[in-house]
*Asks:* 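Please see the structure below; I have some questions.
Atoms within a ligand are numbered from 1 in the order they appear, just like the ligands themselves. Position 1 is the first residue of the sequence, and the numbers go up from there. This one's a predicted model, so the numbers in the text were calculated from it and none came from an experiment.
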Amino acid sequence: MAVREVLQIGHPTLRIGARPIGAGELASPAIQTLIDDLIDTMHDAHGAGIAANQVGETVRVVVMEVTANPRYPYKPPIPLTIAVNPTVEPVDDETVVVNEGCLSVPLRGDVERHVNVRVRYLDRHGVAHDEVVRGLTAGTWQHEVDHLDGVLFVDRVDDRTTLATWPQFEAHQRDAFIERITAFVAEVGS
Ligand code: NI
């Protein structure tokens with residue numbers, strides 16, 4: 001297990017669509033070690049999630065976890081989740097604007113995300129999961145699966161005037177965003 005270097009925006013690997021992991025490949029030491037490294041790297045960087053291509057491996061696996069996160073104190077908890085070959089499908093037209101950050105991008109910005117999505121994936125043991133996730137958790141899923149398609153959140157920022165460094169976000173946008181998103185989380189429950 002190891003903390004890996006997180007590639008930064010501009011690195012071409014972040015723009016490569018990752019390939020599915022084969023049924024016989026998932027149990028291999030290479031993939032299982034990669035999963036452990038993703039968990040360690042996410043924890044080290046205080047991320048809410050990380051995708052394999054962010055550490056240079058173009059395979060379809062993401063990990064997510066939110067406990068008490070200093071980067072995103074308003075995010076509801078997400079149990080440690082390992083998602084292999086994940087898919088995300090909106091279940092209705094409801095959307096919310098979320099101010100997002102990313103371990104591969106030194107900025108935050110506003111992105112419109114679906115509020116209710118169906119996610120299907122394999123866990124690290126190959127067990128199939130099929131769930132509906134909501135709210136900010138749904139946004140996190142969309143952000144991470146975007147990575148596997150070579151998409152970064154900045155690609156989805158419609159209002160580019162919302163782009164801000166973390167210190168400028170803290171100084172000028174944080175309070176209003178947290179007030180709005182806390183009410184949203186209370187309403188949706190996740
Ligand atoms: Ni990201």
*Asks:* Check this for me: does any side-chain nitrogen of one of Asp146 and Arg113 sit under 4.0 Å from a carboxylate oxygen of the other?
*Replies:*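 Result for this pair is yes, salt bridge flagged.
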*Asks:* Taking only residues two or more places apart in sequence, or in another chain, which ones meet Gln142 in a side-chain hydrogen bond (donor to acceptor under 3.5 Å, both in side chains)?
*Replies:*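 Partners of Gln142 by the side-chain hydrogen bond (donor to acceptor under 3.5 Å, both in side chains) criterion come out as none, since no residue qualifies.
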*Asks:* Both conditions, 6.0 Å and 45 degrees, for the charged tip of Arg174 above the ring of Phe169: are they met here?
*Replies:*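 Pair Arg174/Phe169 does not count as cation-pi.
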*Asks:* Verify the neighbour count for atom CD of Gln8: are there more than 12 heavy atoms of other residues, nucleotides or ligands below 6.0 Å?
*Replies:*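 Counting other residues, nucleotides and ligands, CD of Gln8 exceeds 12 neighbours.
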*Asks:* Under a 4.0 Å N-O cut-off, is there an ion pair linking Arg4 with Asp36?
*Replies:*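 Result for this pair is no, no salt bridge flagged.
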*Asks:* Return the number of protein N, O or S atoms with a distance to the Ni ion (ligand 1) smaller than 2.8 Å.
*Replies:*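 Protein heteroatoms (N, O, S) closer than 2.8 Å to the Ni ion (ligand 1) number 3.
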*Asks:* Please determine whether the number of non-hydrogen atoms from other residues, nucleotides or ligands lying under 6.0 Å from atom CG of Asp130 exceeds 12.
*Replies:*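 Correct, the count exceeds 12.
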